[in-house]
Amino acid sequence: MTTPIDAVVQPPEQLRYARLLNWCTRVGLVVLLLSFAAYVFGLAESHVAPERLPELWIHPVGRYLELTDSPTGWGWLALVHRGDVAGLLGIAILAGSSVLCLLALVPLYWARGDRRFVAICLAEVAVVVLAASGWLAGGH
């Protein structure tokens with residue numbers, strides 16, 4: 001016997017995670033679209049002029065960064081107002097969405113007394129934050 005799809009009840013933590021992930025994904029995509037439009041239509045000045053790109057793309061990344069005076073690591077945040085860099089904000093929002101979603105689950109698990117899931121959520125957040133920090137690659 002099969003259960004009708006309407007009869008399936010999702011646990012509150014799954015619903016919270018899904019709602020937040022949906023919201024974060026939409027925000028990230030809107031930021032990507034708006035930043036791309038600002039870049040393409042010249043509404044935001046570029047850090048690297050588009051006409052210079054063909055001459056710069058032939059270089060290894062280290063030389064490219066040097067020639068364009070581009071930052072590494074989280075240094076791009078200082079240039080987020082530039083059209084060619086602004087898209088990274090949308091990517092960062094999409095990549096970091098899971099952190100917000102996992103943190104939102106902690107109070108639910110805590111209230112339920114499920115300390116193991118609290119620990120798992122916090123451990124996953126710690127791994128993502130550590131990876132994004134650049135410390136593992138020596139980028140601090």
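As the structure is a prediction and not an experimental result, all values here were calculated from the model. Only heavy atoms go into these numbers, but all of them, side chains included; no hydrogens, no water, no symmetry mates.
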Could you tabulate the donor-acceptor pairs under 3.5 Å formed by side-chain atoms of residues 88-99, not counting sequence neighbours?
from	atom 1	to	atom 2	distance (Å)
S97	OG	I93	O	2.8
S97	OG	L94	O	3.4

Only distances under 3.5 Å count here; give the side-chain donor-acceptor pairs of residues 21-32 to other protein atoms, sequence neighbours excluded, each with its distance to 0.1 Å.
from	atom 1	to	atom 2	distance (Å)
N22	OD1	R26	NE	3.0
T25	OG1	L21	O	2.7

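Among residues two or more places apart in sequence or in another chain, the side chain to side chain donor-acceptor pair (under 3.5 Å) test is passed with R52 by none. The ring pair (Phe, Tyr, Trp, His ring centres under 6.0 Å) test applied to Y17 returns no partner, not counting sequence neighbours.
One distance of note links CZ of R16 with CD of Q10; it measures 15.5 Å at 0.5 Å rounding. Distance check, rounded to the nearest 0.5 Å: CD1 of I120 to CG of L105 gives 11.5 Å. L20 contributes atom CG, which lies 5.0 Å from atom SG of C101 (distance to the nearest 0.5 angstrom). Here the straight-line distance linking atom CG of L67 with atom NE2 of H59 works out to 5.0 Å at 0.5 Å rounding.
Cluster annotation: L53 and V61 are assigned to the same hydrophobic cluster (Ile/Leu/Val/Met/Phe/Trp/Tyr, side-chain heavy-atom contacts under 4.5 Å, transitive). L34 and L79 fall into different hydrophobic clusters, where Ile, Leu, Val, Met, Phe, Trp and Tyr are joined by side-chain heavy atoms under 4.5 Å apart, directly or via other members. Criterion: ILVMFWY side-chain heavy atoms under 4.5 Å apart, direct or through other members. Under it, L100 and V106 are not part of a common hydrophobic cluster. Hydrophobic clustering (side-chain heavy atoms under 4.5 Å, transitive across Ile, Leu, Val, Met, Phe, Trp, Tyr) keeps F36 apart from L33. With hydrophobic clusters built from ILVMFWY side chains whose heavy atoms lie under 4.5 angstrom apart, V118 shares a cluster with L103.
Scanning all heavy atoms of the two residues, the minimum distance from V48 to S70 falls at CG2-OG, 4.4 Å. Looking at every heavy atom in both residues, P54 comes nearest to E51 through CD-O, 3.6 Å. Taking every heavy atom of both residues into account, P50 and Y39 meet most closely at CG-OH, 3.7 Å.
Residues in residues 103-126 take part in these side-chain hydrogen bond (donor to acceptor under 3.5 Å, both in side chains) pairs, two or more places apart or across chains: E13-R112. Residues in residues 74-91 take part in these salt bridge (charged side-chain N to carboxylate O under 4.0 Å, His left out) pairs, two or more places apart or across chains: E45-R82.
The backbone N or O of W76 lies less than 3.5 Å from no partner atom in the side chain of H47, so there is not a single donor-acceptor pair.
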